[in-house]
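All values reported here derive from a predicted model rather than from experimental measurement. Count residues from 1 along the sequence.
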Amino acid sequence: MHRIDTSGNVNNRFSNGNPQAGQLATLVSAEWLNDVQENMLEVLEQAAIAPVKGAENQLYLAIVALIAAGGGGGGGGGSVPITRLVNAAGIATGGGALNNDITITVAKALTADILAGTDDVKAITSLGLAAAFAGTFSGTGYAKLPGGLIFQWGAGTAAGNATTIFTLPLTFPNACLFAAVEGGSTDLNAQDNNPFVAGRGTGSISVFSARDAGTTVNWMALGN
């Protein structure tokens, strides 16, 4: 296709001419008319539409048909061939040919998934991570870590010359791996030993104190 280039054109555009200024009207050539005609008919041919004399919307219909043929039917048309695919990789699932709407999904890890630490096909959100670290952060409480590790702590009074049982705020599912206690005095009498952890279980720890009076202590337990 080309712009009009016959005599009388003004910058390759048509002119009605201006006799007073000596400007001739643009000569419309058969070459230019055939060029325009064949370019428009090529659109109809590509859309497999036979030209019909007097039909004034065939160029429009041909353009619409060509767009629809390449649109893939993906909820709105377009010009993407239906042979294209949307592929999912990693932890994303879904995908498929573009002749349908496509939904890509990324599964969300639940609190149990995060704590177990064994799922490798789900995404962790900030909310899920916060829930996995949930605990009771007060004088007596606990905190869970991904992988199953649990910290517990508390405070109380260890009875004098006796064993005191401190119940844990949360029972360890498997075992109490470590426990410690702090508190006591600087009494130098050998028989007045400060409190220490004498035993630990999944639901409690025992603290023995050889001091004659009750002793305020803080304790900590670590387990899974």
Side-chain angles (χ1 to χ4, degrees), residues 67-68 70-159 163-184 195-209 214-224:
I67 292 174
S79 59
V80 181
I82 60 175
T83 54
R84 297 295 186 187
L85 300 176
V86 174
N87 297 315
I91 60 175
T93 60
L98 292 179
N99 58 337
N100 292 302
D101 293 331
I102 299 299
T103 299
I104 302 298
T105 302
V106 177
K108 182 175 67 173
L110 302 176
T111 300
D113 299 324
I114 300 173
L115 289 174
T118 58
D119 196 316
D120 197 35
V121 295
K122 296 177 182 176
I124 297 176
T125 65
S126 57
L127 182 62
L129 190 62
F133 280 95
T136 56
F137 300 99
S138 58
T140 299
Y142 66 89
K144 297 180 178 180
L145 299 181
L149 197 61
I150 303 173
F151 287 94
Q152 303 198 60
W153 60 87
T157 300
T163 297
T164 303
I165 303 298
F166 291 98
T167 301
L168 303 176
L170 183 71
T171 298
F172 289 117
N174 298 303
C176 178
L177 305 174
F178 171 81
V181 65
E182 65 175 10
F196 65 92
V197 175
R200 48 188 167 83
T202 57
S204 64
I205 62 172
S206 58
V207 175
F208 178 78
S209 176
T215 304
T216 299
V217 296
N218 296 304
W219 55 264
M220 184 186 73
L222 176 67
N224 64 350

**Message:** Nearest 0.5 Å, please: how far is CD1 in Ile114 from CG in Leu145?
**Reply:**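 The CD1 atom of Ile114 is 12.5 Å from CG of Leu145, to the nearest 0.5 Å.
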Can you name the closest pair of heavy atoms from [X] and [Y] and give their distance?
{"X": "Thr164", "Y": "Ala159", "value": "OG1-N, 2.8 Å"}
{"X": "Asn218", "Y": "Ala155", "value": "OD1-CB, 3.3 Å"}
{"X": "Ile102", "Y": "Ala97", "value": "CD1-O, 3.4 Å"}
{"X": "Thr140", "Y": "Gly154", "value": "OG1-CA, 3.7 Å"}

Mind checking side chain to side chain contact (heavy atoms under 4.5 Å, CB included) for [X] and listing every partner two or more places apart, or none if nothing turns up?
{"X": "Ala88", "answer": "Ala92, Ile104"}
{"X": "Ser206", "answer": "Thr163, Ile165, Ala198"}
{"X": "Thr125", "answer": "Lys108, Leu127"}

**Request:** Quick one: which residue pairs count as a side chain to side chain donor-acceptor pair (under 3.5 Å) with a foot in residues 145-157, not counting sequence neighbours?
**Result:**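 For residues 145-157: none.
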**Message:** Which residue in the set Val181, Val197, Val217 passes side-chain contact (heavy atoms from CB on, under 4.5 Å) when paired with Phe166?
**Reply:**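 So the option named by the test is Val217.
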List for me each residue that meets side-chain hydrogen bond (donor to acceptor under 3.5 Å, both in side chains) alongside [X], sequence neighbours excluded, and say none if there are none.
{"X": "Asp119", "answer": "none"}
{"X": "Lys122", "answer": "Asp113"}
{"X": "Thr215", "answer": "Arg211"}

**Request:** Determine which pairs satisfy salt bridge (Lys or Arg N to Asp or Glu O under 4.0 Å) with at least one residue from residues 135-154, sequence neighbours left out, and list them in order.
**Result:**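 Passing the test, one end in residues 135-154: no pairs.
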**Prompt:** With sequence neighbours excluded, what pairs up with Tyr142 under the ring-ring contact (aromatic ring centres under 6.0 Å, His included) test?
**Reply:**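 Checked Tyr142 against ring-ring contact (aromatic ring centres under 6.0 Å, His included); zero matches.
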**Prompt:** Residues two or more places apart in sequence or in another chain: which of them pass ring-ring contact (aromatic ring centres under 6.0 Å, His included) with Phe196?
**Reply:**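 Partners of Phe196 under the ring-ring contact (aromatic ring centres under 6.0 Å, His included) test: Phe208.
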Show me the side-chain donor-acceptor pairs of residues 167-179 shorter than 3.5 Å, one per line, residues at least two apart or across chains.
none

